[in-house]
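Step one of this worksheet: look at the structure below.
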Amino acid sequence: MISLAAALAGAALWAPGAGAQLGPEPPVRHVQGSWVNLRERPRPDARVEAQLPANTVVRLLAEQDGWCEVFYTGDSRLNPDGKGEVIRFIPFQSHMACNLLAAQPLTLPQAAKDPARAFWVAPSSNRLRAYGNALPRPAALQLPALRKSHAEGAEVRYPARPEFDAAKRLLRAGVLPDTAHEIARGKPVPDPVADLKLPGLRLALQPIASSRFKRHGEVALLHDTEADGLAAVAGSRIAVVPTAAPMGRYNRHSGPEIEFVTGFWDVGAADLVFDPPLTIYAITQQGLVGAQALRKRSWQIDNADFYCGGNYTGPAFEDPGAEGDEVVPVKRYARLPETAQVLTRLVTTTELPASAAAVKSQRQPLGWTIPAEPPEVPKPVRIQTAVVAYEIDLDRDGIADILRFEVPFKGEMSGHPLFAHHWYLNVGGQWFRAGRWIDQECT
């Protein structure tokens, strides 16, 4: 730990806001590496005074022989108090390798291949998980060894990693994700009906134009967005609060040897906490608008294999009301019964009107025949169903903001109808894919 006198001596060379009295303002530089050492002297064997994550800001004082003399004023990410402030920190002068500094901060695409750097560039719950999963495991903590040393349900202990511990502290205090990092819907879809790729489908949608949502960051559907994206759109801080250590488990119909370890690194289970709570809107077939405030959810990080049943085919967020959810109805909105036919759930940057949305639906019949297979199916069975399209107009301006399609298909085992559900979102007068759910038969 550096002394106060040494810290003040370094600060005397230049101090923020000192102006011309102490010389020109040194240029800003951004740390490009992961957990970079600040050293007391410009030598690789010098005492380490601090370690900095990617995109830490320092001031460049001097440069010689590949070493940079820098002035470090602290980083709120390493001293989180829940308000993004630096607390109890004395700025000091130190040294680091110049090749680990750059004039511009790293972007997420630049850091994407390194989970540690990606986390510090854009902190989020999913990037914390990716970071923990990418940490190298010693041989004794790899699955082949754990199968021999740990019974099902036994706690798995991982060694402390200072940088990862710092990342966990930051997420426990909570971060405000950026919609630019969390919302990505790809290219627009000129014709959602054609995008379903169903021969003979002739549904006629009303013309599209710019309506309620002008930018992607203004809205997130639960059908295509995970917790970080919902928090970013809502303007809520998201926190990860660990609740249990990792333990060995096996999948359904398996065992007795364990097949996976719960969680990521030393986080076996955790809660996601939103501040302020997420307001999640629900729109029914009749156009009723309900709303619930979700403050806390148990994060599904058990790592078990998916067994069977309906599922989203991409990122998504389970409907409110899951076990462990802290959720309450929002006043002024419709109290929807559990049997309500909800077409979509979403989070927005601005409050949705409590008045009913306009919902237009249309159907196109579809059918097939289940052939006779005595004795289970003594004679052919004709199945009659339909493709259904819902055009949801949230602000009743005559322009659909959300599309939902229900597309039946023949179950492989029973031959009876199963359904794929597709959502599209109107952003700036163009349709974008916004989630897909597909039913699956289970044995």
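A quick note: this is a predicted structure, and the numbers were derived from the prediction, not measured.
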If we ignore angles and hydrogens, is there a donor and acceptor under 3.5 Å between the side chains of [X] and [Y]?
| X | Y | result |
| --- | --- | --- |
| Thr179 | Glu182 | no |
| Thr262 | Asn303 | no |
| Glu218 | Thr350 | no |

Kindly determine whether Arg332 and Glu351 satisfy salt bridge (Lys or Arg N to Asp or Glu O under 4.0 Å), including the steps that lead there. CA-CA 12 Å; Arg332 299 183 297 103; Glu351 188 177 273; 3.1 Å; yes
Say you draw a straight line from [atom1] of [X] to [atom2] of [Y]; how long is it, rounded to the nearest 0.5 Å?
| X | Y | atom1 | atom2 | value |
| --- | --- | --- | --- | --- |
| Asp439 | His421 | CG | NE2 | 5.0 Å |
| Asp393 | Ser211 | CG | OG | 6.0 Å |
| Leu366 | Leu198 | CG | CG | 6.0 Å |
| Leu141 | Leu146 | CG | CG | 5.5 Å |
| Gln104 | Asn55 | CD | CG | 10.5 Å |
| Glu257 | Glu152 | CD | CD | 12.5 Å |

Counting distance only, does the side-chain N/O of [X] pair as donor-acceptor with the main-chain N or O of [Y] below 3.5 Å?
| X | Y | result |
| --- | --- | --- |
| Asn37 | Gln51 | no |
| Ser254 | Tyr250 | no |
| Thr349 | Ala234 | no |
| Asp228 | Asn126 | yes |
| Arg237 | Gly174 | yes |
| Thr243 | Ala269 | yes |

Using a strict cut-off of less than 4.0 Å between a Lys/Arg side-chain nitrogen and an Asp/Glu carboxylate oxygen, indicate whether [X] and [Y] qualify as a salt bridge.
| X | Y | answer |
| --- | --- | --- |
| Arg433 | Asp224 | no |
| Lys410 | Glu412 | no |
| Asp271 | Arg297 | no |
| Arg161 | Glu163 | no |
| Asp266 | Lys168 | yes |

How far apart are the C-alpha atoms of Leu196 and Phe405, what are their side-chain angles, what is the distance that settles it, and do they pass the side-chain contact (heavy atoms from CB on, under 4.5 Å) test? CA-CA 9 Å; Leu196 298 175; Phe405 294 95; 3.6 Å; yes
Show your reasoning for whether salt bridge (Lys or Arg N to Asp or Glu O under 4.0 Å) applies to Glu391 and Arg404. CA-CA 7 Å; Glu391 298 173 85; Arg404 170 171 164 160; over 6 Å; no
According to salt bridge (charged side-chain N to carboxylate O under 4.0 Å, His left out), does anything in residues 370-381 pair up with another residue at least two apart or in another chain? List the pairs. none
Step-by-step salt bridge (Lys or Arg N to Asp or Glu O under 4.0 Å) determination, Glu63 to Arg29: CA-CA 12 Å; Glu63 183 176 352; Arg29 293 293 182 264; over 6 Å; no
Looking at every non-hydrogen atom in both residues, tell me the closest pair between [X] and [Y] and how far apart they are.
| X | Y | answer |
| --- | --- | --- |
| Tyr333 | Val289 | CB-O, 3.6 Å |
| Tyr281 | Leu352 | OH-N, 3.3 Å |
| Pro320 | Leu222 | CD-CD2, 4.1 Å |

Could you go through Arg295 and Asp275, starting from their C-alpha distance and side-chain angles, then the distance that decides it, and tell me whether this counts as side-chain contact (heavy atoms from CB on, under 4.5 Å)? CA-CA 7 Å; Arg295 192 190 78 85; Asp275 182 21; over 6 Å; no
Would His223 and Phe317 count as a ring-ring contact (aromatic ring centres under 6.0 Å, His included) if you check the C-alpha gap in whole Å, the side-chain angles of each, and the deciding distance to 0.1 Å? CA-CA 7 Å; His223 323 296; Phe317 191 79; over 10 Å; no
Taking the side chain as everything from C-beta on, heavy atoms only, tell me whether Trp431 gets closer than 4.5 Å to Ile208. yes
Would you please classify the geometry between the Tyr131 ring and the Phe164 ring as parallel, tilted or perpendicular, with 30° and 60° separating the classes? perpendicular
Test salt bridge (Lys or Arg N to Asp or Glu O under 4.0 Å) on Arg249 and Asp302; report intermediate values, then the result. CA-CA 9 Å; Arg249 295 290 191 195; Asp302 62 10; over 6 Å; no
Just checking Arg382: does its CZ atom have more than 12 heavy atoms from other residues, nucleotides or ligands closer to it than 6.0 angstrom? yes
